[in-house]
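All values below were derived from every heavy atom in this structure, side-chain atoms included, with hydrogens, water molecules and symmetry-related copies excluded. Computed from a predicted model, the values in this text were never measured in an experiment.
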Protein chains: 2
Amino acid sequence: MSSDTLRGRILAAGQRITPQRDLIAGVLERAGRPLAAQELCDAVGQEDPGIGRATVFRTLQSLQEAGIVQNVTLLGNQAGYLLCASAGHHHHLVCRHCGAIEDLPEAEVAPFLSGVEAAHGFGVDHATFNIYGACRACAGEEHAGR
Amino acid sequence: MSSDTLRGRILAAGQRITPQRDLIAGVLERAGRPLAAQELCDAVGQEDPGIGRATVFRTLQSLQEAGIVQNVTLLGNQAGYLLCASAGHHHHLVCRHCGAIEDLPEAEVAPFLSGVEAAHGFGVDHATFNIYGACRACAGEEHAGR
DNA sequence: CCACATACTGATACCTAGTCTCAGTTTGGA
DNA sequence: TCCAAACTGAGACTAGGTATCAGTATGTGG
């Protein structure tokens with residue numbers, strides 16, 4: 001279980017460990033996919049109905065600052081919260097079929113951004129990518145016909 | 001003035017021309033940068049206080065379907081509405097300093113997406129990019145010192 | 001140029017996401 | 001074990017956005 005790692009990351013960000021944070025991070029960890037605000041609140045409420053909405057959002061904010069959670073934009077402009085395995089800035093490939101998430105490291109997008117910088121004379125200082133499609137498994141299934 | 005073009009695009013999408021749509025599209029056109037929901041509602045209300053909020057949002061939706069308006073995510077996860085000069089799917093480079101928007105055509109990102117597809121075995125079917133930084137003019141200013 | 005189906009509008013109520021405040025509780029370092 | 005600082009829950013509040021519904025405008029076909 002990686003809870004120890006999670007706790008370590010929270011502590012490393014200079015934040016306190018509380019049962020609420022443990023629980024919220026745990027929910028996201030077990031989900032393994034981005035959760036919309038309501039899904040998350042529901043799931044948290046199911047495990048401990050005593051946790052208030054304000055705490056959920058505050059915790060999400062803290063976890064984002066700690067680099068543990070990323071706020072991603074799901075299809076249809078819905079906000080989603082995702083527990084990130086890798087630290088540091090990175091992007092995600094979201095499978096529309098099974099909801100799986102694959103990390104796209106910053107290193108892979110850097111050359112592309114450099115190209116854009118060169119072509120447009122534009123100094124990029126922040127970029128987020130939302131890439132949707134079919135992951136390897138789901139794409140295979142589709143192509144295999146049925 | 002490109003209003004005729006705008007109207008043409010609305011008609012081409014099989015939608016009716018109404019004074020409200022004219023006005024809302026006009027506000028976005030004159031802004032030349034993405035407007036947050038509230039800014040847009042305010043600006044519309046200033047030109048014609050009779051236009052209801054519901055109409056503004058409905059119109060935005062219609063215009064999005066017609067490919068005239070894009071919903072972009074501004075920094076801080078704020079939703080913004082932007083009138084797009086070029087039709088078809090494309091992306092934007094947003095200058096943090098002056099708010100200017102530069103189009104990034106799909107053709108420029110396609111090779112990058114192909115690379116991602118090859119590297120991850122992921123079949124991309126939709127991607128949105130949010131790229132922030134300094135446009136040519138603002139970057140120059142910064143570097144020139146002052 | 002008139003009639004009419006259909007699309008659009010404004011008002012209003014409602015929903016979800018997210019923030020703010022405040023009094024009380026927990027945490028963890030000294 | 002003490003205590004400041006950080007965190008919590010409740011609840012009120014704001015903003016963005018949607019649904020409903022009765023009335024109005026649009027534009028097409030005659």
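No hydrogens or angles were tested; on distance alone, a donor-acceptor pair under 3.5 Å links the side chain of B:Arg58 to the base of C:dG10. You'll find a donor-acceptor pair under 3.5 Å spanning the side chain of B:Arg16 and the base of C:dT6, going by distance alone. In this model, no side-chain donor or acceptor of B:Arg53 finds a partner on the base of C:dG10 within 3.5 Å.
Taking atom CG on A:Asp48 and atom C1' on D:dT8, their separation rounds to 12 Å, with Å as the unit. Atom-to-atom, CD1 of B:Ile17 to C1' of C:dT6 comes out at 16 Å; the value is rounded to the nearest Å. When rounded to the nearest whole Å, the span between CZ of B:Phe57 and C1' of D:dG17 equals 6 Å. Distance, B:Ile10 CD1 to D:dA25 P: 19 Å, rounded to whole Å. Rounded to whole angstrom, the span from the CD1 atom of A:Ile51 across to the P atom of D:dT8 amounts to 8 Å. Summarising the geometry, the separation between CG on B:Asp22 and P on D:dT26 is reported as 10 Å, rounded to the nearest angstrom. Between B:Tyr81 atom OH and D:dA15 atom C1' the separation is 11 Å, expressed in whole Å. The nearest whole Å value for the distance from the CG atom in A:Leu40 to the P atom in C:dT16 is 15 Å.
Ring planes of B:His89 and B:His126: tilted class, angle from 30 to 60°.
Between atom CD of residue A:Glu102 and atom NE2 of residue B:His120 there is a gap of 5.5 Å, rounded to the nearest 0.5 Å. To the nearest 0.5 angstrom, A:Ile131 atom CD1 is 5.0 Å from B:Phe129 atom CZ. How far OG1 of B:Thr59 is from CG of B:Leu23: 9.5 Å, rounded to the nearest 0.5 Å.
Counting non-hydrogen atoms under 4.0 angstrom, A:Thr18 reaches the backbone sugars and phosphates but no base. Within 4.0 Å (heavy atoms only), A:Glu39 reaches no atom of the nucleic acid at all. Within the nucleic acid shown, A:Ala54 comes within 4.0 Å of at least one base atom, counting heavy atoms only. Residue contacts shown for A:Pro19 are limited to sugar-phosphate atoms, with no base heavy atom under 4.0 Å away. Within the 4.0 angstrom heavy-atom criterion, no nucleotide atom of any strand lies near A:Ala36.
Along DNA chain D, the nucleotide nearest A:Gln20 and the nucleotide nearest B:Leu60 are compared for position; the residue whose nucleotide lies closer to the 5' end is A:Gln20.
Between B:Gln61 and D:dG17 there is no side-chain polar atom (N or O) within less than 4.0 angstrom of OP1 or OP2. Side-chain N/O atoms of B:Gln15 include none lying less than 4.0 angstrom from OP1 or OP2 on D:dT26.
A salt bridge between A:Glu47 and A:Arg30 is present, with a side-chain N of the basic residue lying under 4.0 Å from a carboxylate O of the acidic one. A salt bridge is absent between B:Arg136 and A:Glu117: the closest approach of a Lys/Arg side-chain nitrogen to an acidic carboxylate oxygen does not fall below 4.0 angstrom.
Residues satisfying the side-chain hydrogen bond (donor to acceptor under 3.5 Å, both in side chains) test with B:Gln64, not counting sequence neighbours, are none.
Using five terminal pairs a side, the axes of the helix from C:dC1-D:dG30 to C:dA30-D:dT1 at its two ends make an angle of 40°, given in steps of 10 degrees.
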Evaluation steps, side-chain contact (heavy atoms from CB on, under 4.5 Å), between B:Leu28 and B:Leu82: CA-CA 7 Å; B:Leu28 281 171; B:Leu82 174 63; over 6 Å; no
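Across D:dT8, C:dT9, D:dG17, the shortest atom-to-atom separation from the side chain of B:Thr55 is found for C:dT9.
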